[in-house]
Amino acid sequence: MKHLIMAPVLVFLALAQQSFLNQFSIMGTAPNFVFIASFILIFFSCLQKPGKFYHNYQGMFFTLMAGFLLDVFSPYYFGAAISALLLVFMIISVTIESLKQIQDRYLFIYFILIFIACFIFYNIVLYLFLHIADISININQRHGVELTYNLVIASLGFFLYKILFVKNTPNRQLKLFI
Amino acid sequence: MHFIIQSVKVKYINMHTKKPFGSIQGSRTFFWKKMLLGIVVLLLFIWVLNIFQGPIKNTTYLVTAPFQHFFWKTGNTIHDIGASFLNIGGLQQENANLKQENQNLLSSITLLQETIRENQAIQEVQVITKNDGFNLAMANVIGLDVTGDFLMIDKGFNDGVFENMPVISKEKVLYGRVFKAYKNFSEVMLISNAASVVDVKVLPSENTEFGAVLVPGAVKGQGNLSLYLDLVSSDARINQNDVLLSSGLEGVFPKDLLIGKINTIDKNDAKPFQTGTIIPFFDPRKTDTLFIIKDYKQEK
């Protein structure tokens with residue numbers, strides 16, 4: 001059921017990012033809404049179904065769909081975003097599997113830490129895929145602004161998702177709607 | 001007679017490993033086979049997507065173009081309203097008008113100077129200044145990729161737009177070149193893209209009289225809609241606010257297109273070249289329409 005709701009949302013975000021949200025950049029950086037949305041979906045999907053990533057079909061579906069949307073609106077060839085997101089999906093899945101007893105009160109901290117790691121990893125992988133011939137490392141304050149901007153939006157998305165789809169139980173264990 | 005009945009366990013043997021499936025080795029082999037199959041399927045999927053990349057992207061853009069156009073217009077309006085609020089009153093509009101007027105004037109002045117300096121006929125000046133020498137195709141902007149410095153326009157090879165064609169605004173400000181042309185759409189690589197290099201000449205702002213010496217250099221993109229100046233000889237005299245024009249030497253862009261103004265200069269005797277930051281004239285967020293030069297002869 002969640003597939004049916006979130007698939008059009010991802011398409012909408014991809015369109016809005018391409019034509020609307022990019023006009024509100026800060027210091028030349030704009031949030032990657034498709035990445036953020038897919039991250040949130042994968043994160044909660046892995047929480048809901050802890051275990052091997054290849055058994056998490058819902059997470060796989062969101063990963064492939066978001067990857068396709070990122071690639072289709074990119075001027076480069078297909079595959080870069082799909083592959084990078086699949087690696088991110090594996091990282092999230094493995095990390096969450098190793099943190100089986102995630103308490104609700106620490107969930108946001110876990111979310112932030114995993115998001116930062118995955119965002120940096122995703123951008124590095126994407127850069128390597130697209131600039132394999134001419135790699136040059138140039139880290140400046142814009143990258144910090146970009147990370148912060150994306151993190152703020154992702155945090156808002158996290159709480160929005162929790163309000164819409166997640167129900168807290170009295171023992172503070174995370175329970176999700178299926 | 002007594003028959004002894006023993007329970008028999010049936011084991012399924014993996015024909016390749018000669019080991020039962022139930023064993024650790026068997027399950028590992030099964031796992032890796034599954035992984036390998038998944039990777040092969042994924043690679044096949046990506047390969048098929050790349051084979052049909054043109055039709056897939058064109059169809060997607062065609063279907064989503066009305067929404068993207070709507071989003072772009074809405075974003076432009078909201079951006080302008082927000083900027084107007086921030087700038088108190090009509091300052092934003094006034095500033096935009098002045099900028100446009102300034103760019104028009106700069107375009108006229110620089111082209112006149114260049115033409116007179118080369119001692120060419122007035123007729124030729126008019127041809128260059130009025131853009132009549134170019135066969136232009138007008139296109140609407142429908143998307144912007146800030147992180148990659150790409151624009152999407154609603155004209156493709158069905159409209160005679162092909163790769164490497166220069167893209168300019170009505171004020172003759174250089175935006176970039178067509179990176180990839182699809183049937184009805186094109187991706188424009190902005191000059192601020194990290195892979196972009198434009199040969200330029202620096203028009204000194206202090207000496208605007210006839211005979212001013214033009215300094216050659218190169219404008220390189222550094223992403224996030226920003227540019228920098230490079231390859232300017234260390235003994236050349238350049239100043240803040242000097243205007244940069246395309247020189248046409250790289251063979252991709254026509255000469256005398258406006259690029260930007262020098263903001264800061266980094267001159268170091270130890271280095272063979274001067275570098276500097278640039279305030280670009282282009283502003284993709286405030287642009288609805290662009291022009292593609294269809295008949296400029298290119299070397300590439």
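Since we're looking at a predicted model, the values are computed, not measured. To find a chain, count down the sequence lines: A is the first, B the second, and so on, and within it residues start at 1.
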Taking side chain as everything from C-beta outward and backbone as N, CA, C, O, which of these in [X] sits under 4.5 Å from a heavy atom of chain A? Side chain, backbone, both or neither.
{"X": "B:Ser192", "result": "neither"}
{"X": "B:Asp283", "result": "neither"}
{"X": "B:Thr74", "result": "both"}
{"X": "B:Lys180", "result": "side chain"}
{"X": "B:Met152", "result": "side chain"}
{"X": "B:Leu43", "result": "neither"}
{"X": "B:Leu225", "result": "neither"}

Counting C-beta onward and ignoring hydrogens, is there a side-chain heavy-atom pair between A:Phe12 and B:Phe71 closer than 4.5 Å?
yes
Could you tell me if the side chain of B:Phe70 sits less than 4.5 Å from the side chain of A:Leu15, heavy atoms only?
no
Under the side chain to side chain donor-acceptor pair (under 3.5 Å) rule, collect the residues that match up with B:Glu187, sequence neighbours excluded.
B:Tyr61
Rounded to the nearest 0.5 Å, how far apart are CG of A:Asp71 and CD1 of B:Ile56?
10.5 Å
Can you establish whether the number of heavy atoms outside A:Tyr149 located under 6.0 Å from its atom OH is more than 12?
yes
Which residues in residues 76-86 of chain A have any heavy atom closer than 4.5 Å to a heavy atom of chain B?
A:Tyr76, A:Tyr77, A:Phe78, A:Gly79, A:Ile82, A:Ser83, A:Leu86
Honestly, the part of A:Asn32 sitting under 4.5 Å from a heavy atom of chain B is neither
